[in-house]
Amino acid sequence: MGRITLDKVAKRFGEVEVIPPLDLTIEDGEFVVFVGPSGCGKSTLLRLIAGLEDVSGGEIRIDGQNATEMPPAKRGLAMVFQSYALYPHMTVRKNIAFPLKMAGMPEEEQKRRIDNAAKILNLTDYIDRRPGQLSGGQRQRVAIGRAIVREPAAFLFDEPLSNLDAALRVGMRLEITELHSRLKTTMIYVTHDQVEAMTMADKIVVLRAGHIEQVGSPLELYRTPRNVFVAGFIGSPKMNLIEGGEAGKHGCKTIGIRPEHISVSPTEGMWKGRVGVSEHLGSDTFFYVHETGLREDMTVRVSGEVEMKSGDTVYLTPDMDKLHRFDDAGLRLS
Ligand SMILES: Nc1ncnc2c1ncn2[C@@H]1O[C@H](COP(=O)(O)OP(=O)(O)OP(=O)(O)O)[C@@H](O)[C@H]1O
Ligand SMILES: [Mg+2]
C-alpha cells in the first residue's frame with residue numbers, strides 16, 4: 001500500500017516560506033510527477049514526504065497513519081536521487097544489499113530480494129562488478145535496485161535521469177515506466193522536464209513558487225490548462241500566448257494557441273507573417289514567424305518535412321476549436 005495525503009503541509013526556511021500550506025492526495029499505485037521551474041519547491045516537497053526535512057505545519061499521512069513526525073526509516077519509502085551515491089569499493093550486489101544489511105535482514109531473504117531486483121533491472125550479469133566498471137545508466141539501475149529491495153510503500157525519485165545523456169534518458173524513462181507497471185507501487189517523480197512529466201505520469205502536479213498550479217492527467221493539462229502558467233509550461237514547443245488587440249477581439253486578456261494547432265498557407269489565412277528560423281526534425285518542422293502584426297512572434301509546428309525558407313511570406317490560421325482564452329488574472333475562461 002502507498003496512499004499519501006498532505007494536509008496543509010507547509011515549509012519555511014527561516015523567514016522564507018518556500019511552500020505555503022498545500023493539500024495533495026497521491027493514490028496507492030499512482031505514478032505522480034512533480035514538475036515546475038527550478039527553485040519552485042519540488043525537491044523540498046519530496047524531502048518533506050520522505051522525512052528528510054521537517055514540516056513547518058500541516059500533516060502527512062501514509063496509508064492513513066500520521067507520519068508527520070516519523071523518522072525517514074519508519075515511513076517505508078525509498079528515495080532515488082540524481083547522484084547515485086553508490087559505494088565505489090563495493091560490488092553491485094553489496095551496494096544493493098546495503099539497506100537490507102543495515103536493517104539486519106536474514107541473509108537468505110536478502111539474497112532472494114537482490115536476485116529478484118537484479119533480474120527486473122537486467123543487472124544479473126553485472127552483479128559482481130564495482131560502480132566504476134558500469135555505465136551511467138547501469139549505475140542508476142543499481143540505485144533503483146537498492147530502492148526496490150526494500151519493497152517500499154512508495155518510491156520517491158528526485159530528477160534521477162539528469163546526469164544521463166539524452167538517448168539514455170529516453171531509455172531509462174521507459175524502464176522506470178515499465179518498472180511501475182510491473183510493481184504497481186506508488187511512485188513520486190520530480191523533474192523540471194515537462195516531456196518526462198507528460199510521458200511518465202498518471203497524474204502531474206505543476207508547481208510554481210511552492211504553490212500547486214494544477215493537478216491532472218497529462219492530457220487534461222494539455223487540453224485544459226487552468227491558467228497561463230500551466231499553458232506555457234506544458235507542451236513542447238511552447239503554446240503561443242498572444243496579448244493585446246488580437247486577444248481583445250476574443251473578449252479576453254490572453255489567447256493561447258499551440259504550435260501544432262495552426263495551419264499554414266502561402267496564399268491566405270488569418271495572420272500574414274514572415275518566416276524566420278525553421279528547424280527540421282524530420283518527423284516535424286518547427287518554424288518561427290514574425291511581422292504578423294501580433295505582439296508576439298509565433299511558433300508553428302507542422303508534421304513531416306516542409307520546405308520553409310527564411311523570409312518566405314506565410315499565412316497562419318489557428319484552429320478556433322483549440323483556442324485557449326485567459327482573463328486579466330491569467331485564469332482560463334470557460
Ligand atoms: N536548506 C535550505 N535553506 C534555505 N532555503 C532552501 C533550502 N533548501 C531549499 N531552499 C530554497 O527553497 C526553494 C525550493 O528549493 P527546491 O530545492 O525545493 O527547488 P526545486 O524545485 O527542487 O529546484 P531544482 O529544479 O533546481 O532542483 C529554493 O528557493 C531554495 O533556494
Ligand atoms: Mg530539486
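When reading the values below, keep in mind they use all heavy atoms of this one structure, side chains included, and skip hydrogens, waters and symmetry mates. Since this is a predicted model, take the numbers as computed values, not measurements. Note that ligands are numbered from 1 as they come in the structure, with each ligand's atoms numbered from 1 the same way.
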Q: Please work out which of Ser43, Gly41, Gly36, Cys40 has its closest non-hydrogen atom nearest to atom 27 (O) of ligand 1.
A: Ser43
Q. Are any non-hydrogen protein atoms located under 4.0 Å from atom 31 (O) of ligand 1?
A. no
(Q) Please report whether ligand 1 has a polar contact with Thr44, defined as an N or O pair separated by less than 3.5 Å (distance criterion only). (A) yes
Q.
Against ligand 1, does Gly39 come closer than 4.0 Å with any heavy atom?
A. yes
Q: Return the minimal non-hydrogen interatomic distance between Ala97 and Ile114, and the atom names on each side.
A: CB-CD1, 3.5 Å
Q | Sub-4.0 Å heavy-atom approach of Glu159 to ligand 1 | A | yes
Q | Ile212 versus Asp23, closest heavy-atom pair with distance | A | CD1-O, 3.6 Å
Q: Indicate the ring-plane relationship of Tyr189 and Phe31, choosing parallel, tilted or perpendicular according to the 30° and 60° boundaries.
A: tilted
Q. Which protein heavy atom lies closest to atom 5 (N) of ligand 1, and at what distance to 0.1 Å?
A. Phe13 CD1, 3.4 Å
(Q) To check you understand the geometry: which heavy-atom pair defines the closest contact between His290 and Gly276, and what is its length? (A) CE1-CA, 3.5 Å
Q: If you have a sec, work out which protein heavy atom is nearest atom 25 (O) of ligand 1 and how many Å separate them, to one decimal?
A: Lys42 NZ, 2.8 Å
Q | Set of salt bridge (charged side-chain N to carboxylate O under 4.0 Å, His left out) partners for Lys101, sequence neighbours left out | A | none
(Q) I'd like to know if the Mg ion (ligand 2) has an N/O/S atom from Thr44 within less than 2.8 Å of it, counting both backbone and side-chain atoms. (A) no
Q | Atom of Leu168, atom of Gly136 and distance for their closest heavy-atom approach | A | CD2-C, 4.4 Å
Q: Name the orientation class of the two ring planes belonging to His324 and Phe326 (parallel below 30°, tilted from 30 to 60°, perpendicular beyond 60°).
A: parallel
**Q.** Heavy-atom pair of closest approach, residues Tyr222 and Arg258
**A.** O-NH2, 2.8 Å
Q. Where the closest heavy atom to atom 13 (C) of ligand 1 is concerned, which of Asp158, Ile19, Val35, Val18 has it?
A. Val18
(Q) Geometry only, no angles: is His192 polar-contacting ligand 1 at N/O separations under 3.5 Å? (A) no
Q | Nearest-neighbour protein heavy atom for atom 26 (O) of ligand 1, which is reported as residue plus atom name and distance | A | Ser38 OG, 2.6 Å
